[in-house]
Amino acid sequence: MIVKKARFVRSMSAFEPFPEQGMPEIAMVGKSNVGKSSLINALTRNSKLAHTSSEPGKTRLINLYMVNEEFLLADLPGYGFAKASKQEKQKWAGMIEGYLCSSQNLRHVFQLVDIRHAPTADDQTMVEYLRHYGIPFTVVATKADKLSKAQRGRNIPLICRTLSVQPWEVLVHSSKDGTGSEALMGSIEALLNQAPVKPDGDAAEAAETIE
Ligand SMILES: Nc1nc2c(ncn2[C@@H]2O[C@H](COP(=O)(O)OP(=O)(O)OP(=O)(O)O)[C@@H](O)[C@H]2O)c(=O)[nH]1
Ligand SMILES: [Mg+2]
């Protein structure tokens, strides 16, 4: 898929009805600083679309971006930001869970993990959450440019084991050199032909809180 146009739509502190709501939505989730906003910029080939930072905790709202007037990319706050207060963590977790369970047009979630490290307990909780609510997801291993091919080959099995996914279910990506962007856009194109996700439950029932 070629991105002809990408634009910021709106920021929300909680899920609320919005005019573009009928469009399919694809959400980015992952811990703070893993590269969610950078991935949106890489996919849309617009380095200025989503705000990024080397400091964790940059994205603090649900930010929606329209691509080709065809679908929405949702950039969510990260979890696991150690320096955030308990109150802030709860607020962000509420935003993430609230969005994932309230969006009627959510087609898929990209669960981002840093390719250099083992997924965290929060990542595991997030993946369990997605499975629990029947929300389809794909694991994206970010920052691939920071590892050699051999190192990537060693780390992918660890990611797979920790999150109970198969190696062919993990997409390797680099927002720096564009590795994997084409494959990701291809998978989005395929996803857009699928029916919307109907989460089976209420966010408030989540067994564990993602911080
Ligand atoms: N080398 C490299 N750096 C990356 C890549 N993706 C993101 N980064 C860097 O990682 C840092 C965090 O990126 P963001 O996109 O802001 O991360 P985020 O997940 O949106 O973070 P929060 O909004 O805080 O949750 C920035 O300094 C980016 O430049 C990548 O693929 N390769
Ligand atoms: Mg961000």
Side-chain angles (χ1 to χ4, degrees), residues 3 6-13 25-65 67 72-100 108-123 125-127 129-130 137-149 151-152 155-156 159 163 170-185 187 209-211:
V3 175
R7 63 179 174 92
F8 170 75
V9 171
R10 63 172 52 221
S11 293
M12 306 186 281
S13 60
E25 292 164 35
I26 291 162
M28 307 293 170
V29 302
K31 68 185 281 229
S32 289
N33 206 245
V34 72
K36 300 175 294 296
S37 304
S38 300
L39 177 58
I40 288 182
N41 290 346
L43 294 178
T44 57
R45 295 170 183 263
N46 181 345
S47 62
K48 295 200 174 97
L49 191 61
H51 295 295
T52 66
S53 170
S54 54
E55 294 289 318
K58 178 71 179 171
T59 308
R60 293 174 178 228
L61 293 168
I62 300 160
N63 291 321
L64 296 172
Y65 301 92
V67 182
L72 292 161
L73 290 175
D75 191 9
L76 301 180
Y79 49 76
F81 176 30
K83 282 190 199 156
S85 67
K86 195 169 178 200
Q87 208 182 4
E88 273 178 310
K89 283 182 187 172
Q90 279 173 349
K91 196 170 91 183
W92 296 343
M95 261 190 249
I96 300 166
E97 293 174 22
Y99 169 79
L100 293 175
H108 206 80
V109 166
F110 287 123
Q111 167 70 53
L112 278 61
V113 294
D114 190 319
I115 198 166
R116 295 170 296 173
H117 311 297
T120 64
D122 284 334
D123 291 327
T125 303
M126 190 73 234
V127 163
Y129 177 92
L130 295 170
F137 66 93
T138 299
V139 174
V140 179
T142 64
K143 309 194 183 185
D145 57 278
K146 289 192 180 261
L147 293 186
S148 68
K149 277 208 172 138
Q151 288 169 320
R152 289 181 207 174
N155 286 12
I156 296 292
I159 292 170
L163 300 179
V170 178
L171 289 173
V172 171
H173 189 266
S174 164
S175 294
K176 199 170 181 188
D177 65 19
T179 298
S181 283
E182 216 170 295
L184 253 157
M185 285 308 278
S187 72
T209 303
I210 302 146
E211 294 187 345

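Counting convention: from 1, in listed order, for ligands and their atoms alike. Side-chain atoms are counted along with the backbone in the values below, which use heavy atoms only and exclude waters and symmetry mates.
For atom 27 (O) of ligand 1, the closest non-hydrogen atom of the protein is S54 CA, 3.3 Å. Protein heavy atom nearest atom 10 (O) of ligand 1, with residue, atom name and distance: K143 NZ, 3.0 Å. Looking from atom 17 (O) of ligand 1 to the surrounding protein, the closest heavy atom is G35 N, 3.2 Å. Closest to atom 22 (P) of ligand 1 among all protein heavy atoms lies N33 N, 3.7 Å. Of the protein's non-hydrogen atoms, the one nearest atom 7 (C) of ligand 1 is S38 OG, 3.3 Å.
Taking 2.8 Å as the criterion, S37 counts as a coordinating residue of the Mg ion (ligand 2), since one of its N, O or S atoms falls below it. Taking backbone and side chain together, T59 holds an N, O or S atom under 2.8 Å from the Mg ion (ligand 2).
Using a 4.0 Å cut-off between heavy atoms, D145 contacts ligand 1 through its side chain alone, with no backbone atom that close. Using a 4.0 Å cut-off between heavy atoms, P56 contacts ligand 1 through its backbone alone, with no side-chain atom that close. When heavy-atom distances to ligand 1 are checked against a 4.0 Å cut-off, S53 comes that close only through its backbone atoms N, CA, C and O.
In this structure, T59 OG1 and D75 CG are separated by 4.5 Å, a value rounded to the nearest 0.5 Å. Between Y65 atom OH and T44 atom OG1 the span is 9.0 Å, to the nearest 0.5 Å. Rounding to the nearest 0.5 angstrom, the gap separating the CE atom in M95 from the CD atom in Q90 is 12.5 Å.
Where the criterion is an N or O separation shorter than 3.5 Å, residue side chain and backbone included, V34 meets it with respect to ligand 1. Note: no N/O pair closer than 3.5 Å links L39 and ligand 1 by distance alone. Considering backbone and side-chain atoms alike, T59 places an N or O below 3.5 Å from some N or O of ligand 1. Taking only nitrogen or oxygen atoms, main chain and side chain alike, T52 does not reach within less than 3.5 Å of ligand 1. Residue H51 places no N or O, backbone or side chain, under 3.5 Å from any N or O of ligand 1.
The atoms of ligand 1 that sit less than 4.0 Å from any heavy atom of K146 are 1 (N), 2 (C). Close approach of ligand 1 to G57 is summarised as follows: ligand atoms under 4.0 Å from at least one heavy atom of the residue are 24 (O). Here is the list of ligand 1 atoms found below 4.0 Å of a heavy atom in S174: 31 (O). Listed by atom number, the atoms of ligand 1 under 4.0 Å from G78 heavy atoms are 25 (O).
Around CZ of R45, the count of heavy atoms belonging to other residues, nucleotides or ligands within 6.0 Å does not exceed 12. Heavy-atom contacts from other residues, nucleotides or ligands closer than 6.0 Å to CD of E182 number 12 or fewer.
A donor-acceptor contact shorter than 3.5 Å is absent between the side chain of H51 and the backbone of K58. Of the possible polar contacts, one joining the K36 side chain to the G30 backbone as a donor-acceptor pair under 3.5 Å is found. Side-chain atoms of D145 do not come within 3.5 Å of backbone N or O of S174 as any donor-acceptor pair. Although no hydrogens or angles enter the test, the distance criterion places no donor-acceptor pair under 3.5 Å between the side chain of R116 and the main chain of K143.
Counting only N and O atoms by type, the side chains of N63 and S11 include a donor and acceptor under 3.5 Å apart. There is a side-chain donor-acceptor pair under 3.5 Å between D123 and T120.
The nearest non-hydrogen atom to atom 31 (O) of ligand 1, considering only G30, A42, S175, comes from S175. In this structure, of K36, K58, H173, the residue bringing a heavy atom nearest to atom 18 (P) of ligand 1 is K36.
Looking at L39, N41, N46 one by one, the single match for side chain to side chain contact (heavy atoms under 4.5 Å, CB included) with L43 turns out to be L39.
With contacts defined as side-chain heavy-atom distances shorter than 4.5 Å, the pair S187/T138 does not qualify.
At a 4.0 Å cut-off, not a single heavy atom of T142 sits close enough to ligand 1 to count as contact.
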